[in-house]
> 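Structure provided below as C-alpha cells; questions to follow.
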Amino acid sequence: MGDTQEVQHPHETSFTIHMGEPQELQLSKIGNNGVQETNSLESNSFGGPMNESMMSRRKMYYRWFRIAIHSALMLVCGSAAILLGRLYYGKGGKSKWIGTLVQLGGFPILLPYYFISAPKKLTTNNSVHPNQPSVSMLAFIYVSIGLLLALDCYLYSVGLWYLPVSTYSLLCSSQLAFNAFFSYFLNSLKFTPYIVNSLVLLTISSTLLVFQNESSDDSESSKISKKKYVIGFICTVGASAGYGLWLSLTQLVFKKVMKGETFKVILDMIVYTSFVATIVTVVGLFASGEWNGLKNEMNEYEMGKVSYVLILTFAAILWQLFTIGCLGLISEVSSLFSNAIGVLGVPIVPMLAVIFFHDKMHGIKAISMVLAIWGIISYVYQQYIDDTKSENRITSHVPKDSVPLEEVHR
C-alpha cells in the first residue's frame, strides 16, 4: 500500500499506477512536454463506450415508448371517431361540410397546453436550430398544407356520403400506395422485403373486409345512382392521394425545413394548419348554404339534440388526438409507418362495431384482423432492425487513446 510502480513505454511516455489508501486506480501520463496528467479510472468507471451504449439503449426504449403512445392514439381515437361519424350519418346527419369541420375544428382544445409549453421550449437553447425557417416560409407551409388538408377532408366526406362502406374502405386502403409513391420521390423511401410484406398484408386485410361487406351493401348500392357513384369514387381516390401527399409533405417539412422533432413543432403543425383548414371549411359551410339546414337537422336527429351535439363534439376531440398520434409517428419514424398504423384501424372498426352496434362477426373479419396485425408487426420489425444497426454503429466507435483495464494489470 502506498507504493508506486512505473511502467515505461516508448516515445518517452510513462504510465504511473498509484495504489493509495482509497483503493482508487489512477493513471498518470507524462507526455513529451513533461506535463503529468492523472486520470482516475474510478471516476471514469461510468463513462466511455459502455455508458454511451447504455444511454443509446435508453433513448431507443424511450423512443419506442413514444411510438407506442402515438400508435395507440391513432388506433383508439381514429377508430372511435369513425364510429361516431357513422353514427352521425346513420341517425339523420346530412351535412358534408359539418363532417369535414368535425375532422378539423377541434384544435382549440390543444391551445392551453400549447401556450403553457411554448415559453419553456423557447428558452431552451438546444431546441433552437441555427437555420430556423423564416416567418414567410412558415406561413407558406401552414397555408399550403392547411388548404390541402381541408380539401382532403371534404373529399373524404363526399366519398363516405355517396359510396357504400365496402367500396369506400377499399378505395381508402389505396392511400398506402399513394403514400409510398410520394415518399419514394420526396423522402427517399427504400423498400425492404419487410416493408413490402407489410404493405401487401395490410392491403389484403382491407380488401377482405370489402368482400365481407358486399352482401350487406347490395341493397344500399342499388339505391345509389351511377352519377353519385362516379362522384364518390373519384372523390375517395382523390382523397386517398391527397392524404398520402399530406403525410409525405409533412415528413419532408419536419426533416428539411423545421429541422426538429419536438412536441412543440408537432403542435405548431397541428394548430396552424388546422386553423387555416377550419377557416376554409367554415367559408364553404356558409357559401354552400348548408348552414341554413343545420337547425332542422339537429331538431330532427333521431337520438335528440343533446346526442347530436355530443357526438360532433367528441368526434372533433378524437380527431385531434388522432392527428397528434399521426404527426408524432411521422416525426418519430416515417409517414409510411404512420399510414400503416392508420390502415391497421380499418379491420379494428368492424371489431368495435360488433361490440357497440351488434354486427355479426364472420371468419373473413377475423382473418382480416390477423393479417393486419401481421403486417404491422412486419413493419415494426423492420424499424427494430434499423435501430439495432444504428446502436451497433454507435457502440463500435471505441476511442483509441483509452487504456483498457486489462492493459494496466499486465
> For F286, is there any backbone N or O sitting under 3.5 Å from a side-chain donor or acceptor partner on E290?
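Side chain of E290 to backbone of F286: no pair is present.
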> For the side chain of D152 and the backbone of L148, is there at least one donor-acceptor N/O pair under 3.5 Å apart?
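No, D152 side chain to L148 backbone: no donor-acceptor pair under 3.5 Å.
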> Would you mind reporting whether L285 and S95 have side-chain heavy atoms less than 4.5 Å apart?
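In short, these two side chains touch, coming nearer than 4.5 Å.
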> Would you name the heavy atoms of Q175 and S240 that are closest together and state the gap between them?
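Shortest heavy-atom contact: CB-O, 3.7 Å.
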> For F191, look at atom CZ and say whether over 12 heavy atoms of other residues, nucleotides or ligands are found less than 6.0 Å away.
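Buried by this count: over 12 neighbours within 6.0 Å.
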> Just how far is it from atom OG of S274 to atom CG of L104, taken to the nearest 0.5 Å?
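With rounding to 0.5 Å, OG (S274) is 6.0 Å from CG (L104).
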> Hey, is OH on Y301 packed in by over 12 heavy atoms from elsewhere, all under 6.0 Å?
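More than 12 heavy atoms, drawn from other residues, nucleotides or ligands, come within 6.0 Å of this atom.
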> Could you report the tightest heavy-atom contact between K96 and Y154, atom names first, then the distance?
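That closest heavy-atom pairing would be CE-OH, 4.1 Å.
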> Within the structure provided, determine whether M303 and I311 are in side-chain contact (heavy-atom separation under 4.5 Å).
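Contact flag for M303/I311 side chains = yes.
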> Side chains of F254 and I266: does their closest heavy-atom pair fall under 4.5 Å?
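Answer yes - side chains close enough.
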> Spell out, as yes or no, whether a donor-acceptor pair under 3.5 Å connects the side chain of R66 to the backbone of E332.
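No: the side chain of R66 does not pair with the backbone of E332.
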> Going by atom types only, do E297 and Y308 share a side-chain donor-acceptor pair under 3.5 Å?
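Yes, Y308 and E297 have a side-chain donor paired with an acceptor closer than 3.5 Å.
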> If we count only N and O atoms by modelled type, under 3.5 Å, do the side chains of K255 and N187 hold a donor and an acceptor together?
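Their side chains do not contain a donor-acceptor pair, so the 3.5 Å distance test is not met.
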> Can you list the steps and then say if M258 with L138 is a side-chain contact (heavy atoms from CB on, under 4.5 Å)?
CA-CA 9 Å; M258 302 297 187; L138 290 176; 3.6 Å; yes
> Atom CG in L110, atom CD1 in I317: separation rounded to 0.5 Å?
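Between atom CG of L110 and atom CD1 of I317 there are 10.0 Å.
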> Indicate yes or no: at least one non-hydrogen side-chain atom of C326 is less than 4.5 angstrom from one of T250.
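Of all side-chain heavy-atom pairs linking T250 with C326, none is under 4.5 Å.
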> Please lay out, stage by stage, how W246 and Y243 fare under the test ring pair (Phe, Tyr, Trp, His ring centres under 6.0 Å).
CA-CA 5 Å; W246 173 71; Y243 186 76; 5.7 Å; yes
> If you look at every heavy atom in A241 and F182, which pair is closest and at what distance?
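Smallest interatomic distance, heavy atoms only, reads O-CE1, 3.5 Å.
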> Atom CD in E302, atom OG in S307: separation rounded to 0.5 Å?
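Going from the CD atom of E302 to the OG atom of S307 covers 11.0 Å.
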> In terms of relative ring orientation, are F185 and F181 parallel, tilted or perpendicular, with 30° and 60° separating the classes?
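Judged by the thresholds at 30° and 60°, the geometry between F185 and F181 is perpendicular.
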> Is there a side-chain contact between M298 and V309 in this structure, where contact means two heavy atoms from C-beta onward sitting under 4.5 Å apart?
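Of all side-chain heavy-atom pairs linking V309 with M298, at least one is under 4.5 Å.
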> Of all heavy-atom pairs between I67 and L329, which one has the smallest distance, and what is that distance?
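Closest pair (atom of I67, atom of L329, distance): O-CD2, 3.7 Å.
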> When you look at I145 and M269, which way does the side-chain contact (heavy atoms from CB on, under 4.5 Å) test go after all the steps?
CA-CA 9 Å; I145 296 182; M269 182 64 69; 4.1 Å; yes
> Taking all heavy atoms of A315 and all of V102, pick out the closest pair and write down the distance.
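Nearest heavy atoms, A315 then V102: CB-CG1, 3.5 Å.
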> Pairing donors with acceptors under 3.5 angstrom, does anything connect the side chains of T100 and T281?
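Absent: no donor and acceptor within the cut-off.
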> Give the intermediate values and the outcome of side-chain contact (heavy atoms from CB on, under 4.5 Å) for residues V237 and F178.
CA-CA 10 Å; V237 172; F178 285 115; 4.2 Å; yes
> Might you point out which heavy atoms bring N179 and G244 nearest each other, and give the distance in Å?
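Closest pair (atom of N179, atom of G244, distance): ND2-O, 3.4 Å.
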> Which is it for F275 and I279 under the side-chain contact (heavy atoms from CB on, under 4.5 Å) test, yes or no, and what are the steps along the way?
CA-CA 6 Å; F275 178 72; I279 292 178; 3.4 Å; yes
> Answer yes or no: is there a side-chain heavy-atom contact under 4.5 Å between W97 and S157?
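They are not in side-chain contact.
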> To the closest 0.5 Å, what do you measure between CD (E300) and NZ (K91)?
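These two atoms lie 15.5 Å from each other.
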> Given side chains that start at C-beta, do those of S248 and L252 come closer than 4.5 Å, heavy atoms only?
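No, side chains not in contact.
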> OG1 of T323 to CG of L267: how many Å apart, nearest 0.5 Å?
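So the gap between those two atoms works out to 11.5 Å.
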> For the residue pair I98 and Y88, establish whether any side-chain heavy-atom pair is separated by less than 4.5 Å.
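I98 vs Y88: side chains touch.
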> Are the side chain of T236 and the backbone N or O of F233 linked by a donor-acceptor pair below 3.5 Å?
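Checked: no pair found.
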> Can you measure from CZ (F314) to CG (L87) and round to the nearest 0.5 angstrom?
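Taking CZ in F314 and CG in L87, the distance rounds to 13.0 Å.
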> Using atom types as modelled and distance alone, determine if a side-chain donor or acceptor of S378 lies under 3.5 Å from a backbone N or O of W374.
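Pair absent, no side-chain N/O of S378 close to backbone of W374.
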